[in-house]
Protein chains: 2
Amino acid sequence: MASEKIIVLKNPSLAEAVVAIEKAFAHRRTLIVAGDCHVHYAGRANSTLENGERLLIIKSDGSLLVHRPTGYEPVNWQPSGSVFYVEVKDDMLEVHGVRQKPHESVKVTFSSVLMVSALNLSDSGEFILHASEDDMHRAILLKPELFEAGFKPISWEKHVEPGFVDIYGEDKDGKMVIIEVKRRTASKENVLQLAKYIEPIKAKVNREVRAVLVAPALAKDVGTLLASMGLEFKALDPKDCAKVLKKKENHKLEKYFVN
Amino acid sequence: MASEKIIVLKNPSLAEAVVAIEKAFAHRRTLIVAGDCHVHYAGRANSTLENGERLLIIKSDGSLLVHRPTGYEPVNWQPSGSVFYVEVKDDMLEVHGVRQKPHESVKVTFSSVLMVSALNLSDSGEFILHASEDDMHRAILLKPELFEAGFKPISWEKHVEPGFVDIYGEDKDGKMVIIEVKRRTASKENVLQLAKYIEPIKAKVNREVRAVLVAPALAKDVGTLLASMGLEFKALDPKDCAKVLKKKENHKLEKYFVN
DNA sequence: ATATGCATGTCGCAC
DNA sequence: GTGCGACGTGCATAT
């Protein structure tokens, strides 16, 4: 029945499978197909995957995943918003998924099907993630001593050519401070990025500017590069920032600063 | 039986589910559990996901995925190499996944299980992807006129502080050319990346250097930035590069160039 | 709609 | 092991 919460077919014929898949599409079920298949993808790039046993998952929002029996990442996929159809052709079960913008298509061709499952999943649970780079920004703005005693934030996410400065403010001596925040070990790339940003600022503002990279750590050989460019580093762990935010329940920044 | 290719339980009790899951772990099956659950993650960041119906997938290489009924991406996950165990606690079925380096853990707590499936998947099919940035490199090296008439590639992936140059060579006038290749519309970042690479080269080599960004297109306002830094742009589509490579079956670069 | 930058990014490859 | 850059990156946000 279409209203069932779960439909599972074990070792169905291709004809049986195609009916179950069409029903899953019609009733917007979460579809799982396991079986021997090959896959073709054409779009921004092209790919082929020779025969083997995989999972095909198609969700009701139009996302598609092909998972091999190993690996975190899908070998082929289609983001949500794709449209699908299924057909039997030359004794094979073909599942087609197409999306526009960019135009891309995935075709999964099953020679045999181990299992078809159509699930009616209901999920409205809230997802909350802590310790992002944004959390680090907020923590520094709310508790500037996390960065440095006497630091006074002035603004954040400020647009300056050629990009954005994460946070800027003044230190205890009134010196201008530009802060670039990274939630992971900072790399050479990050140092160069910061260097690029401060050059135009130094040129524009006619006073001393401190540029500080804030991150949990510095990549191995980056310290000397950083120093040679006149930049500073301040160690700060995203987890410690998350703790600060937990204490202060409401952390709407608009209340504290004018951007 | 443990040797079965597929085991599927529909609406199992938690006790039945836990037995099936343990068997799946023991026999290195691809495991799918559908049911009402909440999820906690702690590691580089932290997250909580309140109750709802999802798919839990655990592969035999130790990767874990929690998929909501919408979205291409898993809401929680663990890359391959994690280790798992399952237990019933307080009338809930808990699946724990832990990895080291970095230390991270995911706990999926089911209050009810809709389906448990353990699949013995066999997959050795080859996966081939065309039209990568690497394909573009190879195409230019094999058919330099794709870049420019008279271009003579000399080397590629050459290490120069502070990074790598994709391709370098000489143009028809013997002028040195540095090429940075991108498979997508080139952004401001890409321009800055190229700029930072050529600066030290210009300083070192005591002759004129052309720096060219090769990509299918340039982002809107990047053209002026590019020009102001004395860089060039050459439009090239990764798909056209892929075509060149298909014509020449064997494209081992070692035969043509010394790196 | 396009551009820009973050991500629990993951992954592969070179050192 | 660490660093570094690509990825069919996806994704949200700001313009």
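By convention in this document, chain letters (A, B, ...) are assigned in the order of the sequence lines, proteins followed by strands, and residues within each chain are numbered from 1.
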Check: C:dT8 base within 3.5 Å donor-acceptor of B:Asn46 side chain: no
Look up atom CZ in A:Phe84 and atom CG in A:Leu56, then write down how far apart they are to the nearest 0.5 Å. 8.0 Å
Under the rule of Watson-Crick or G-U wobble with both distances under 3.5 Å, where | means paired to another strand and [ ] a crossing pair, DNA chain D maps to |||||||.|||||||
Tell me which of A:Ala186 and A:Gln78 sits closer to the 5' end of DNA chain D, going by the nucleotide each one is nearest to. A:Ala186
Taking only the P atom of each, what is the distance from D:dC4 to D:dG8 in whole angstrom? 23 Å
So, using ring pair (Phe, Tyr, Trp, His ring centres under 6.0 Å) as the criterion, who are the partners of B:His96 when residues are at least two apart? B:Tyr85
Taking atom types as they are modelled, would you say the side chain of A:Asn76 forms a donor-acceptor pair with the base of D:dG8 within the 3.5 Å cutoff? yes
Of the candidates D:dG3, D:dG5, D:dG8, the side chain of A:Lys220 sits closest to D:dG3
Per B:Lys101 side chain, nearest of listed nucleotides D:dA6, D:dC4, D:dT2: D:dT2
Output the single nucleotide from D:dG5, C:dA7, C:dT2 whose closest atom is nearest the side chain of A:Ser132. C:dA7
Select one nucleotide: of C:dG5, D:dC7, D:dC4, the one nearest the side-chain heavy atoms of B:Glu189. C:dG5
Test your reading of the model: is there a side-chain donor-acceptor pair from B:Lys59 to the backbone of A:Arg68, 3.5 Å cut-off? yes
Would you check if there is a donor-acceptor pair between the side chains of A:His38 and A:Asn51 at a distance under 3.5 Å? yes
Take nucleotides 9-15 of chain C nucleotide by nucleotide from the 5' end and write B, S or -, depending on whether a protein heavy atom sits under 4.0 Å from the base, only from the sugar-phosphate, or from neither. SBS----
